[in-house]
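Since the structure is predicted, the reported quantities are computational estimates derived from the model, not experimental observations. Values below: every heavy atom of this structure, side chains too, minus hydrogens, waters and symmetry copies.
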Protein chains: 2
Amino acid sequence: MTLHQINPNVSVDCAIFSFDQGALEVLLIERHAGNSEIKDDLMALPGNLIYEDETLDEAANRVLSELTGLTNIFLEQVYTFGNPNRISKQKDLDWLRAIRASPEARVITVAYTSLVKKENFKIQPSSFAKKAVWVKVKDVPHLAFDHNEILDKALDYLKHKIYLEPLGYELLPDKFTLAQLQKLYEAILEDSFDKRNFRRKILRTEFIVKLDEKQQGVAHKPAGLYRFDKSRFHKI
Amino acid sequence: MTLHQINPNVSVDCAIFSFDQGALEVLLIERHAGNSEIKDDLMALPGNLIYEDETLDEAANRVLSELTGLTNIFLEQVYTFGNPNRISKQKDLDWLRAIRASPEARVITVAYTSLVKKENFKIQPSSFAKKAVWVKVKDVPHLAFDHNEILDKALDYLKHKIYLEPLGYELLPDKFTLAQLQKLYEAILEDSFDKRNFRRKILRTEFIVKLDEKQQGVAHKPAGLYRFDKSRFHKI
DNA sequence: TGGTGTTCGTGTATAAAATACACTAAGTTT
DNA sequence: AAACTTAGTGTATTTTATACACGAACACCA
């Protein structure tokens, strides 16, 4: 393991989304300050300072991996937050004093986001993350630093992105029903749609192909299963 | 004049666009290193290190003002560039050694963009900008640092943004013809449109209102003049 | 002053996409 | 076998996109 020099002025934060039971979720960590006595009940987006010898994208991947165990995630940059007062809550200051070499440094943070199928990843918190948990976006509490603002920006980014490409590929299981897909769109866009029109529109893309298979074990008419065919994708 | 502490790790760069004679232009500076003997023929986007006590938005405004004289510009953040090797050309290294206290520092830069009517601003270069000039985007040469990449990203941002709001308001004179507006769209989107369809579509917005006035002094049928009515604007 | 050159301004037909709306079908449970 | 629950489908209407050609208005020049 090589030693890396830390850049005390620049961090990355990751807003990782997943979709479960019709609701959008985001990955948060409960931070803790090593062996110190800091009692800190704030949750946060996984994030940390960058190394001098890595790109921002690399930093985002490394930090996410170190704090949650998630690796090989395709992360996209969302926005950079640089208000000098973005670290001003007493709890945040106390926590930084406990864990950082330059706790008073002014830190600019670059926000990244990604979408994952949570069942494909085992969450393994390490470093200063006491644990990492999936939290429904609707239930996200008051977070550390300016992380609520960062989360909002990442959600805006998502809403925008779903117009450009079908995001379900990243968020749904390999086989899914059109009702699941519709719920995903409704969750991200915070809207609701007519079932017939949604199905017509989504099937027009030819990106979603029907399988010769049905849902099992549901107490009603089973829905047909579909899958994404990436090869048929072309920008909308 | 108060003294400000400089953050050696974070800079801002501004891609300021204007529109003239049917072509999109960008504001570039010819940098020079004070009294030093550095011969440097690279042009660059206006940009510099931030102060510790200002937000990124404030830094972008200050830097733009210091280097070009443009003030009170509404700047929007585009993207953040943080490749550790983004400063690797010999000319860039030489130039930084001549002007910076920590010329070897790894610098992350936050790109900003804006649109201006160039006739409303007098360009007054100062600081290390030898001069500031409008250059047609099609004619932009090889730039300092990774500024060509930054410019490309800003142009992408523009293309995207014109779908969300009618940008002509920022770029055209108060009174303009529909042909001018069409050329603006064509320049930004690098496409061309049917005149009748373009007019129908743009007038459907009710954001653009016809004046009881015509073009003067043209050697052909004079075009009617229009203006933007911001109050009628609603997101598309 | 009449002709030439140039850009302006307009309408219609067709195709594609968006929207609104309600009932039968296929399973499971009791 | 009846009740329950979600799946799956079609049509009519409006809106938007696209393709396409010619007379009108002005300046300029001979």
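Regarding B:Lys201, its NZ atom lies at a distance of 14 Å from the P atom of C:dA17, rounded to whole Å. Rounded to an integer number of Å, the gap from CD of A:Gln180 to P of D:dA7 is 10 Å. Atom NZ in B:Lys221 sits roughly 13 Å away from atom P in D:dG23 (whole-Å rounding). Atom CG of A:Leu203 and atom P of D:dA7 are 14 Å apart (whole Å). Separating the NZ atom of A:Lys195 from the P atom of C:dT24 is a distance of 14 Å, rounded to the nearest angstrom. Between A:Phe193 atom CZ and D:dG8 atom P the separation is 19 Å, expressed in whole Å. Between A:Leu178 atom CG and D:dA7 atom C1' the separation is 10 Å, expressed in whole Å. Rounded to whole Å, atom P of C:dT7 lies 17 Å from atom NZ of B:Lys214.
Under 4.0 angstrom from either OP1 or OP2 of D:dG8 there lies at least one side-chain N or O belonging to A:Arg199.
At least one test fails for A:Arg227 against the ring of A:Phe207: distance under 6.0 Å to the centre or angle within 45° of the axis.
The side-chain heavy atoms of A:Ile150 and A:Phe145, taken from C-beta on, include no pair separated by under 4.5 Å.
The side chain of A:Lys210 has D:dG8 as its nearest neighbour among D:dG8, C:dG9, C:dC8. The side chain of B:Pro222 lies closest to D:dA25 when the candidates are D:dA25, C:dT28, D:dG10. Which of D:dA21, C:dT19, D:dA7 sits closest to the side chain of A:Asn197 comes down to C:dT19. Of the candidate nucleotides D:dA7, C:dT7, C:dG9, C:dG9 has the atom nearest to the side chain of B:Ala223.
To the nearest 0.5 Å, atoms CD1 (B:Ile162) and CG (B:Leu184) are separated by 5.5 Å.
Using a 4.0 Å heavy-atom cutoff across all strands shown, A:Gly224 reaches sugar-phosphate atoms only and no base atom.
Dense packing is recorded around CD of A:Glu119, with more than 12 heavy atoms of other residues, nucleotides or ligands lying under 6.0 Å away.
Residue whose closest nucleotide on DNA chain C sits further toward the 5' end, between A:Arg204 and B:Tyr226: B:Tyr226.
Between the side chain of B:Arg200 and the base of D:dT15, no donor-acceptor pair of N or O atoms lies under 3.5 Å.
A salt bridge does not link A:Glu149 to A:Lys153: none of the charged side-chain nitrogens sits closer than 4.0 Å to a carboxylate oxygen.
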